[in-house]
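Numbers here simply count residues along the sequence, with the first being 1.
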Amino acid sequence: MNRIDRRFAALKAAGRTGLIPFVTAGDPSPEHAVALMHALVDSGADLIELGVPFSDPMADGPVIQHASERAIAAGTGLADVLHWVAGFREQDGETPVVLMGYLNPIEIHGYERFAQEAVQAGVDGVLLVDCPLEESAVLAPLREAGLRQILLAAPTTAPERLAKLCAAAEGFLYYVSFAGITGAARLSTTDIAARVADLRAHAAAPVAVGFGVRDAQSAKAIAGFADAVVIGSALVERLAGAASAEEAAERTRSFLAPIRAALDAG
C-alpha cells in the first residue's frame, strides 16, 4: 500500500470524507510552494493534488490556465515541482501527493527518469489528463516504480469503457462531475449521485468527485455519496496574488476550514 491507499483506508475506517485541494505548483509564488503545501495539510487536506504548470491545457478553465501562466513566467518547471515535493517530505511523510498535469513534460523528462525521481521525491500518484487508459502503456515505468495512475471518468463515459476504468482504477478514480472544464459554476448533485454510487460499487479504488465544487455547501452535498471531494479553481482563485507565505497560508485556512468543517459535520 502506498500513501494514497493508506489514507483512503484510514478515512474509510473513520467514516470521513476525504478533502483533496488542488493548487498549481509555483503559484502564487515559487518561493512559498512548500509552505503552501504544509498550509493545505494544516487546513484539513487529506491528499494534495499538485498541478504541474503546462502551456497548453485542455481540461483546465481560465483560473487554472492563468495560474499555470504565472507559474511558468516565474520559471517553474517539472524539476522544480519534484524539488518542492521533496522539501515537503522533509516534514510530512504521510500526506499523499498526486501530480496533475499533461503528458508532454514527462515525455520530455523521460518516463524512467521521471518515475525514479518522482518516487525519490515522495510523489504517490499522477493524473495525466491527456493520457487515457487506452494509451497508458507508456506509463508502465511509472506504475512499476510504485506510482498510482489516477484515471478519469465522466458523465459522457460509455458503459463499456466505464467498466474498464473501474477495473483498472488505482489510488482513486476521479469522477468529473460534468462535461466541461475546471472552474465552471454549475453542479447538480442529483445528476451525479446515482452514477457515483454505481462507480463505488464496481471500482477497484475509492471515488473522488471534482469539477464545480466551490464551497462548503457543494462539498458537503458531494460528501453524501463520494469517498473524497476535489476542490481546485475556487482555491486557486483565492490564492492569486498572495504576496507572502503567511498571506497564502491565511487565505488557504480561511477557504478550506469551512469546507473541512462541513465535510466532518456530514
Side-chain angles (χ1 to χ4, degrees), residues 3-4 7-8 10-11 14-53 60-61 63-64 66-68 70-71 74 76 80-81 84-100 122 124 172 182-183 185 187 208-223 226-266:
R3 293 183 189 92
I4 300 173
R7 182 53 54 93
F8 273 106
L11 288 168
R16 297 175 65 238
T17 302
L19 174 59
I20 309 177
F22 168 96
V23 293
T24 299
D27 185 69
S29 170
E31 304 92 82
H32 310 318
V34 175
L36 177 56
M37 294 176 71
H38 286 301
L40 293 171
V41 177
D42 293 341
S43 302
D46 295 296
L47 296 84
I48 294 174
E49 187 181 352
L50 194 59
V52 178
D60 295 309
V63 169
I64 295 177
H66 292 322
S68 280
R70 292 190 295 266
T76 300
D80 299 298
V81 179
W84 295 330
V85 174
F88 173 73
R89 286 285 175 236
E90 292 177 3
Q91 297 182 43
D92 189 322
E94 295 299 323
T95 304
V97 175
V98 172
L99 299 188
M100 178 273 180
D124 302 291
F172 62 91
T182 60
L187 182 69
V209 175
F211 284 50
V213 184
R214 301 189 61 82
D215 51 27
Q217 182 179 2
S218 55
K220 185 174 182 178
I222 294 294
D227 296 297
V229 172
V230 183
I231 187 159
S233 292
L235 174 58
V236 171
E237 190 171 37
R238 178 71 64 90
L239 289 170
S244 66
E246 293 75 19
E247 183 179 357
E250 178 53 38
R251 292 189 189 188
T252 298
R253 283 191 290 269
S254 65
F255 180 80
L256 288 182
I259 296 171
R260 177 77 269 171
L263 293 178
D264 291 342

Pairwise side-chain contact, Asp80 with Pro30, heavy-atom cut-off 4.5 Å (strictly under): no
Any side-chain heavy-atom pair of Glu237 and Arg214 under 4.5 Å: yes
Closest non-hydrogen contact found for Gly122 with Val97 is O-CB, 4.5 Å
Do the side chain of Asp227 and the main chain of Ala208 share a donor and acceptor less than 3.5 angstrom apart? no
Minimal heavy-atom distance between Val213 and Gly210, with the atoms involved, is CG2-CA, 4.5 Å
Please indicate whether Glu31 has more than 12 foreign heavy atoms, meaning atoms of other residues, nucleotides or ligands, lying under 6.0 Å from its CD. yes
Can you tell if the side chain of Ile222 reaches within under 4.5 Å of the side chain of Thr17, non-hydrogen atoms only? no
How long is the gap from OG1 on Thr76 to CG on Asp27, to the nearest 0.5 Å? 8.5 Å
Ignoring hydrogens, what is the shortest heavy-atom contact between Val209 and Ala226? Give both atom names and the distance. CG2-CB, 3.7 Å
How long is the gap from CD1 on Ile48 to CG on Leu99, to the nearest 0.5 Å? 11.0 Å
Check whether any side-chain N or O of Arg260 sits under 3.5 Å from a backbone N or O of Gly44 as a donor-acceptor pair, and report yes or no. yes
Contact between Val236 and Phe22 at the side-chain level, heavy atoms closer than 4.5 Å - yes or no? yes
Residues Val63 and Ser233: closest non-hydrogen pair is CG1-O, 3.4 Å
Please give me the minimum heavy-atom distance between Thr95 and Leu47, naming the atom from each residue. CG2-CA, 4.2 Å
Does the pair Thr24 and Leu239 meet the rule for a side chain to side chain contact (heavy atoms under 4.5 Å, CB included), with working shown? CA-CA 10 Å; Thr24 299; Leu239 289 170; over 6 Å; no
Atom pair CG (Asp46) and CD1 (Ile20), whose distance is rounded to the nearest 0.5 Å: 8.0 Å
From CZ (Arg253) to CG (Leu40), nearest 0.5 Å: 11.0 Å
Among Leu50, Asp60, Val52, Val230, the one residue meeting side chain to side chain contact (heavy atoms under 4.5 Å, CB included) with Met100: Asp60
Roughly how far apart are Thr252 OG1 and Glu247 CD, rounded to 0.5 Å? 10.5 Å
Working to the nearest 0.5 Å, report the span between OG of Ser43 and CD1 of Ile259. 10.0 Å
Side chain to side chain, Glu246 and His32, heavy atoms closer than 4.5 Å: no
Taking all non-hydrogen atoms of both residues into account, name the closest pair between Pro53 and Ala25 and its distance. CG-O, 3.2 Å
Within the side chain of Asp124, is there an N or O that forms a donor-acceptor pair under 3.5 Å with the backbone of Val98? no
Are the side chain of Arg251 and the backbone N or O of Arg238 linked by a donor-acceptor pair below 3.5 Å? yes
Is a side-chain N or O of Arg16 found less than 3.5 angstrom from the main chain of Leu263, in a donor-acceptor match? no
